[in-house]
Every structure is written in structure tokens, then in C-alpha cells.
Undergrad: 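Below is one structure. I have some questions about it.
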Amino acid sequence: MAQECMAIFEHAKLPLVGNVEQCCATGVTPEGKTPKSLVEEMVPLLDSRDIINANKVRIIALYIQYRDGVPDEDRRRLYQHARLTLAEQDAVNAMVHLGVKISKGPNDKDTKRKFKHKQSNDEEYELSRYKPVLRSVIEDNSAGKLDELLFPYVKDSPLKNQTISPAASLRSPPPTTSLRSSKPSWHKAPRANAAVKEDKQRLIVFVAGGMTYSEIREAYQLSTSLNKDIFIGSTHAITPKQFVDDLKVLEIAGVGSKAIPNGLREAREGQREYQEYYDDRYYLQDAPPPRPPANANSLAAPKHSSHKIIQPSPTHSFSSFTTDTSQEKEKKKKRGLFRF
């Protein structure tokens with residue numbers, strides 16, 4: 001099974017694809033330097049037929065974000081190299097609605113983004129160097145450095161209402177419970193090998209609009225390093241293919257998407273069928289056939305039939321020549337037969 005997985009991994013050129021994606025997402029190479037040969041590494045991958053178009057869409061989208069937009073002609077050439085469909089091109093162009101700059105004018109400055117990441121003590125692989133923003137959010141919340149403007153409290157801040165010192169709160173007795181409601185456990189002797197359950201602080205993270213599997217992994221890893229019980233949830237889990245499919249229908253109000261198959265009603269022009277939306281955007285009607293000229297009947301060439309019609313010779317000399325030659329052949333045959 002491991003060999004089969006590795007064969008698929010190598011056949012799809014995922015090591016090369018992952019390296020380009022990580023360099024575009026982080027802005028640095030595995031050595032920590034600015035990438036200088038991204039185009040030379042990216043164009044052969046876009047031309048390759050072993051790579052699926054979904055991965056090509058991701059490569060182009062990440063490259064455009066890394067360059068903070070590219071000229072329209074360069075973007076057209078990237079689409080041409082990757083042989084993207086119109087819907088896949090719309091997926092890249094729809095990033096404008098997410099705040100991504102995809103186009104760049106001739107007078108715009110050529111910039112390359114370099115994202116700042118906190119140094120992690122954990123060992124990381126070269127193909128998973130990018131850390132989601134959720135990691136920084138959880139770490140800042142644990143350290144009390146989270147920006148209250150971006151993440152405001154729904155109630156008063158607990159630090160502002162805290163009147164006693166943390167040391168006094170630790171020495172405060174636990175809350176008393178009624179003996180009638182609690183079950184007695186004094187008669188049960190503790191087990192020798194029983195593990196003592198440690199009370200950890202709980203942190204609940206909810207991501208509106210979907211969470212990725214990399215964010216789930218970061219929450220799991222931080223729960224160990226921060227010694228907290230971190231629970232993460234969302235409306236749904238996002239896969240790369242599903243995210244690209246949602247980008248395809250963003251221009252048509254989400255019609256046909258998995259989240260809102262009927263689309264946004266306030267953005268739709270009445271109750272139209274799915275096919276009408278796609279026909280208006282992608283269907284190209286054939287050009288009408290050319291009209292025949294006015295004197296077509298007089299200049300029309302006669303149609304050739306399957307049977308060949310032998311017409312008589314227009315001149316007498318040609319017909320007499322053919323008859324004379326046929327008569328001479330008959331005489332030669334007779335002379336050869338009777339030998340005189």
C-alpha cells in the first residue's frame with residue numbers, strides 16, 4: 001500500500017507542486033531565501049498533463065497572490081499553458097471578491113509578498129511550512145495579546161472585571177455542592193493505577209464559513225504545546241476541490257454550489273434554472289450560416305450523380321477515330337485466330 005501511495009505521489013508530481021505552493025504561500029524557500037526561479041519551476045508543471053487542473057488552479061492563484069497581481073497578458077498566458085476551462089478561469093478571477101488583487105497595470109510597482117511566520121520549535125516538513133493564521137490567533141489569545149478590535153468581547157472583558165489577584169483566586173476554596181445532589185464516593189477506594197485527571201483550561205474556536213484540515217491539525221498540536229483542551233468547529237470542512245468549485249460559481253451568486261445550491265435569492269433575477277445561468281455565461285452560439293448570393297440559381301454548378309453519363313463526341317473526327325481503332329483491333333484478333 002505504501003508503494004502504491006508513493007507511486008501516485010510521484011506520478012502526480014506532488015513534490016514539485018507542493019514546493020511551488022509552499023514558496024508562494026510563505027514567500028521564502030525551504031532555506032529561508034526569496035524564491036527567484038518560480039516561473040521556471042511553475043510553467044513546466046502547468047504544461048504537464050499528469051497534473052490535474054484543480055492543482056493548476058491552485059498554483060496560478062497562489063502565484064498571483066504572491067506577486068500581488070500580474071498583468072492581464074501574463075495571466076492569459078498562464079491560463080493558456082495550463083489549458084484551463086472558462087469555469088476554472090472564473091475561479092481564479094473570482095478571488096477579487098475575496099480582497100485579492102489579480103490584475104496589475106503597467107505603472108504598478110512589481111512587488112513580492114513575504115509573509116511573516118512565528119518560529120516554531122516543532123519539526124516541520126518542507127511541504128508543510130505554511131502555518132495557518134488560526135495558529136497565531138490561538139497563540140495570541142493564550143498569551144492575552146489578541147487584538148480586541150478584530151476579536152471583540154461579546155460581554156465585558158474578564159481582565160477588566162477581575163478585582164482579585166490570580167494568586168488569591170488559586171487559593172480560593174472550590175465551590176460547595178449539595179450532598180443530596182452529589183453521589184457519595186467516600187466508600188470507594190482509589191485504584192492504584194488510576195490516572196489523575198488534570199483540569200485544563202478549555203478553548204472553543206468556531207470558524208464561520210468552513211475550516212480546513214490544516215487548521216484542525218494546528219488546533220490539535222497547540223492543545224499539546226499550550227496544555228489546553230482546544231475544541232475547533234465550523235459550519236463544514238473545506239477541501240481544496242470544494243473551495244475551487246465554490247469559486248467557480250461565485251460570479252453567478254452561488255448557483256449550483258454545495259453550500260447554497262439555489263444561490264442567493266436576493267442576487268438572482270427571479271427563479272431561473274441552473275442551465276440558464278450557465279448558458280448565459282459559458283454557452284457560445286454558433287454563427288449563422290452565410291446567405292447564398294442573389295444569382296445562385298444561374299451560377300450553381302450541376303450536381304454530379306453517382307452514375308457516369310457518356311456523352312456523344314462533339315466532333316465527327318473524334319468519333320470516326322475511335323471507331324477506326326476499334327475495327328483494326330478486331331481484325332488483328334481474327335488474323336491471330338485463323339493465322340492469315
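All figures in this text were calculated on a predicted structure; none of them were measured in a lab. Only heavy atoms go into these numbers, but all of them, side chains included; no hydrogens, no water, no symmetry mates.
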Undergrad: On a heavy-atom basis, which atom in M95 and which in I102 lie closest, and how many Å separate them?
TA: CE-CG2, 4.1 Å
Undergrad: Quick one: does Y79's side chain get under 4.5 Å of V92's, heavy atoms only?
TA: yes
Undergrad: Show the numbers, then the answer: is there a side chain to side chain contact (heavy atoms under 4.5 Å, CB included) between L45 and K56?
TA: CA-CA 8 Å; L45 297 177; K56 295 180 181 180; over 6 Å; no
Undergrad: Residues two or more places apart in sequence or in another chain: which of them pass side-chain hydrogen bond (donor to acceptor under 3.5 Å, both in side chains) with S142?
TA: K228
Undergrad: Below 4.5 Å, heavy atoms only, C-beta onward: do F151 and D140 meet side chain to side chain?
TA: no
Undergrad: Is it true that D72 and R76 make a salt bridge, defined as a side-chain N closer than 4.0 Å to a carboxylate O?
TA: no
Undergrad: Would you mind reporting whether I232 and M211 have side-chain heavy atoms less than 4.5 Å apart?
TA: yes
Undergrad: Starting from the C-alpha separation in whole Å, work towards a yes-or-no answer on side-chain hydrogen bond (donor to acceptor under 3.5 Å, both in side chains) for D74 and Y63.
TA: CA-CA 12 Å; D74 293 350; Y63 178 75; over 6 Å; no
Undergrad: Between T26 and Q22, is the side-chain hydrogen bond (donor to acceptor under 3.5 Å, both in side chains) condition met? List the steps.
TA: CA-CA 6 Å; T26 59; Q22 292 294 321; 5.5 Å; no
Undergrad: With a 4.5 Å heavy-atom cut-off, do K33 and V28 have their side chains touching?
TA: no
Undergrad: Would you indicate whether F9, at its atom CZ, is surrounded by more than 12 heavy atoms from other residues, nucleotides or ligands within a distance under 6.0 Å?
TA: yes
Undergrad: Would you indicate whether the side-chain heavy atoms of N19 and E126 approach each other to under 4.5 Å?
TA: no
Undergrad: So M6 and Q3, do their side chains get closer than 4.5 Å, heavy atoms only?
TA: no
Undergrad: Got K241 and V244 here, is their nearest side-chain heavy-atom distance under 4.5 Å?
TA: no
Undergrad: Taking side chain as C-beta onward, heavy atoms only, is K13 less than 4.5 Å from D50?
TA: yes
Undergrad: Where the side chain of S37 meets the backbone of E40, is there a donor-acceptor pair that is under 3.5 Å apart?
TA: no
Undergrad: Between T29 (side chain only) and P35 (backbone N and O only), is there a donor and an acceptor less than 3.5 Å apart?
TA: no
Undergrad: Just verifying a value: how many Å separate S136 OG and E218 CD, rounded to the nearest 0.5 Å?
TA: 9.0 Å
Undergrad: With sequence neighbours excluded, tell me which residues meet side chain to side chain contact (heavy atoms under 4.5 Å, CB included) with L250.
TA: A94, H97, L247
